[in-house]
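Index from 1, following the sequence. Side chains included, hydrogens not; waters and symmetry mates left out as well; all remaining heavy atoms used.
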Amino acid sequence: MTQNRTHPGDHSTAAEVLAGIDLTGRTALVTGGYSGIGLATVRALAAAGARVVVPARRPETAERALADTAGTEVDRLDLADLDSVRAFAIRFRQRHPTLDILIANAGVMACPETRVGPGWEAQFATNHLGHHALVSLLWPTLTAAGTARVVSVASGRDPAGRIRWHDPHFTDGYDKWAAYGQSKLANILFARHLDRLGEPYGVRAFSVNPGWILTPLQRHLTADEMVAAGWIDADGNPLPGLFKSPGQGAATIAWAATAPQLDRQGGGYCADCRVVDAGDDDIDAARLWRLSVELTGIDLVTHG
């Protein structure tokens with residue numbers, strides 16, 4: 001089904017969402033922008049004229065993936081290492097005075113118990129805390145843009161989901177799916193509070209559920225696990241109608257990053273190129289922000 005840019009939906013691609021939108025002169029940053037939906041997002045933004053920076057834990061791999069995509073540049077970044085985040089932010093701010101679009105897309109899903117930094121659980125650290133630090137350290141470039149968008153790529157939202165305030169790093173019994181769910185809820189709450197802080201400066205933030213897409217994100221899952229979950233059949237074929245293509249998965253990301261109708265709203269949770277939940281969790285969002293500042297030692301950097 002083909003849908004136009006004015007009324008995109010669940011079958012749209014990022015390229016269709018951006019058709020007719022001119023991003024010439026704009027700077028975008030996409031973490032995890034060299035595979036899966038991140039790569040599809042980068043290609044669509046670059047095709048629309050943006051200069052797209054792709055920070056990567058494996059820069060050589062990113063450069064190969066983006067070799068045929070003009071208008072991109074790759075730099076080194078490990079979101080699980082705050083020293084790496086700080087070093088990247090310094091380099092970025094030296095090269096780019098403004099940042100118009102920041103897509104917090106990189107992530108890890110359902111990995112074995114892994115500790116990073118001072119013993120942080122890897123999914124919470126990579127998916128949330130690293131992006132909290134990155135956005136905070138790049139804040140002067142976002143506010144300098146005049147109008148900017150931050151898109152936090154989350155997942156499906158469990159109404160019963162909660163942050164484990166007493167033990168966010170799962171030191172008392174690790175569950176890979178509970179840890180993943182917490183990190184994705186953190187992405188939603190992060191965007192919610194960031195938008196409250198950013199609105200006076202023209203920075204709007206959104207969280208996005210891109211839908212079901214088979215990408216390298218599933219690398220920690222066995223075929224048997226995906227069969228048991230009903231994702232693929234015994235021969236490894238995706239079940240019909242369940243998964244989107246990477247381009248379709250990137251559509252809501254591109255929409256949240258550029259749609260003119262979102263200029264005067266923010267903080268919402270988006271899916272299928274629409275805001276599906278305006279959010280009523282300001283208390284938890286503010287609490288998560290305080291926890292993130294406490295853990296990372298990094299709040300919004302307000303000087304140039």
Side-chain angles (χ1 to χ4, degrees), residues 28-39 41-42 52-63 65-66 73-93 96 99 101-139 141-142 150-155 168-170 176 179-191 194 205 207-208 210 215-220 253 288-289 291-301:
L29 183 153
V30 183
T31 65
Y34 54 105
S35 68
I37 60 174
L39 178 58
T41 301
V42 168
V52 189
V53 179
V54 181
R57 190 166 59 88
R58 300 183 300 277
E60 299 81 5
T61 302
E63 286 170 354
L66 295 164
E73 63 181 76
V74 174
D75 199 351
R76 184 177 299 276
L77 171 66
D78 182 351
L79 285 164
D81 179 348
L82 290 185
D83 287 340
S84 176
V85 178
R86 289 188 183 95
F88 169 81
I90 290 171
R91 294 192 302 271
F92 183 93
R93 289 166 59 180
H96 303 282
L99 177 57
I101 296 169
L102 192 157
I103 311 294
N105 165 74
V108 60
M109 183 178 77
C111 62
E113 183 173 1
T114 306
R115 300 287 158 186
V116 300
W120 295 341
E121 189 278 312
Q123 296 184 82
F124 189 67
T126 303
N127 299 355
H128 169 60
L129 291 175
H131 282 121
H132 167 91
L134 179 65
V135 171
S136 296
L137 292 168
L138 294 182
W139 191 244
T141 63
L142 288 162
V150 177
V151 179
S152 180
V153 180
S155 186
H169 296 296
F170 286 81
K176 66 182 182 181
Y180 177 70
Q182 174 183 253
S183 74
K184 294 288 100 178
L185 173 58
N187 294 155
I188 296 169
L189 295 175
F190 168 75
L194 179 66
S207 59
V208 164
T215 72
L217 184 65
Q218 290 89 26
R219 61 186 175 275
H220 294 294
I253 299 172
L288 177 65
W289 191 277
L291 174 63
S292 304
V293 171
E294 177 185 337
L295 290 171
T296 64
I298 301 171
D299 204 344
L300 295 182
V301 175

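- Evaluation of the side-chain hydrogen bond (donor to acceptor under 3.5 Å, both in side chains) rule for His131 yields Thr31 as partners, not counting sequence neighbours.
- Of all the heavy atoms in Gly33 and Val42, the pair that sits closest is O-CG2, 3.4 Å.
- Two residues are said to be in side-chain contact when any heavy atoms from C-beta on lie closer than 4.5 Å; Ile103 and Val153 meet this criterion.
- Formation of a donor-acceptor pair under 3.5 Å by the Gln123 side chain with backbone atoms of Lys176 is found in this model.
- Of the inter-residue distances, the one linking Thr61 atom OG1 with Leu66 atom CG reads 10.5 Å to the nearest 0.5 angstrom.
- The pair Arg76-Glu60 meets the salt-bridge criterion, since a charged nitrogen lies less than 4.0 angstrom from a carboxylate oxygen.
- For the residue pair Val74 and Ala62, the shortest heavy atom distance occurs at CG1-CB, 3.8 Å.
- Nearest heavy-atom pair, Thr114 versus Pro112, reported as atom, atom and distance to 0.1 Å: OG1-O, 2.8 Å.
- With respect to Arg115 and Glu113, a salt bridge is recorded, a charged nitrogen being found less than 4.0 Å from a carboxylate O.
- Contact annotation: the side chain of Leu99 never approaches that of Val53 to less than 4.5 Å [non-hydrogen atoms, C-beta and beyond].
- The backbone N or O of Leu137 lies less than 3.5 Å from a partner atom in the side chain of Arg93, making a donor-acceptor pair.
- Here the CG atom belonging to Leu194 is positioned 8.0 Å from the OG atom belonging to Ser136, to the nearest 0.5 angstrom.
- With sequence neighbours left out, Asn187 forms a side-chain hydrogen bond (donor to acceptor under 3.5 Å, both in side chains) with Lys184.
- Here the CG atom belonging to Asp78 is positioned 10.0 Å from the CZ atom belonging to Arg58, to the nearest 0.5 angstrom.
- For Ser292, the side-chain contact (heavy atoms from CB on, under 4.5 Å) partners are His128, Leu129, His132, Leu288, not counting sequence neighbours.
- The line from CZ of Arg86 to CZ of Arg91 is 13.5 Å long, rounded to the nearest 0.5 Å.
- Residues passing the side-chain hydrogen bond (donor to acceptor under 3.5 Å, both in side chains) test with Ser183 are Asn127, sequence neighbours excluded.
- Val150 places none of its side-chain heavy atoms less than 4.5 Å from the side chain of Trp139.
- Remark: Phe92 CZ to Leu102 CG distance equals 7.5 Å, nearest 0.5 Å.
- No donor-acceptor pair under 3.5 Å is formed between the side chain of Asn105 and the backbone N or O of Val30.
- Applying the side-chain hydrogen bond (donor to acceptor under 3.5 Å, both in side chains) rule to Trp289 yields the partners Asp299; only residues at least two apart in sequence or on another chain are considered.
- Here the shortest heavy-atom pairing between Tyr34 and Leu39 reads C-CB, 3.8 Å.
- Under the 4.5 Å side-chain criterion, counting only non-hydrogen atoms from C-beta, Asp81 is not in contact with Phe88.
- Contact detail for Ser207 and Ala191: the closest heavy-atom pair is N-CB, 3.8 Å.
- Taking 4.5 Å as the limit, some side-chain heavy atom of Ser155 sits within range of a side-chain heavy atom of Tyr180.
- Annotation: side-chain contact (heavy atoms from CB on, under 4.5 Å) contacts of Ala133 (sequence neighbours excluded): Leu82, Val85, Ile298.
- The structure places CG of Leu29 at 9.0 Å from CG of Leu142, a figure rounded to the nearest 0.5 Å.
- Closest approach of Leu295 to His169, counting heavy atoms only: CD1-NE2, 3.8 Å.
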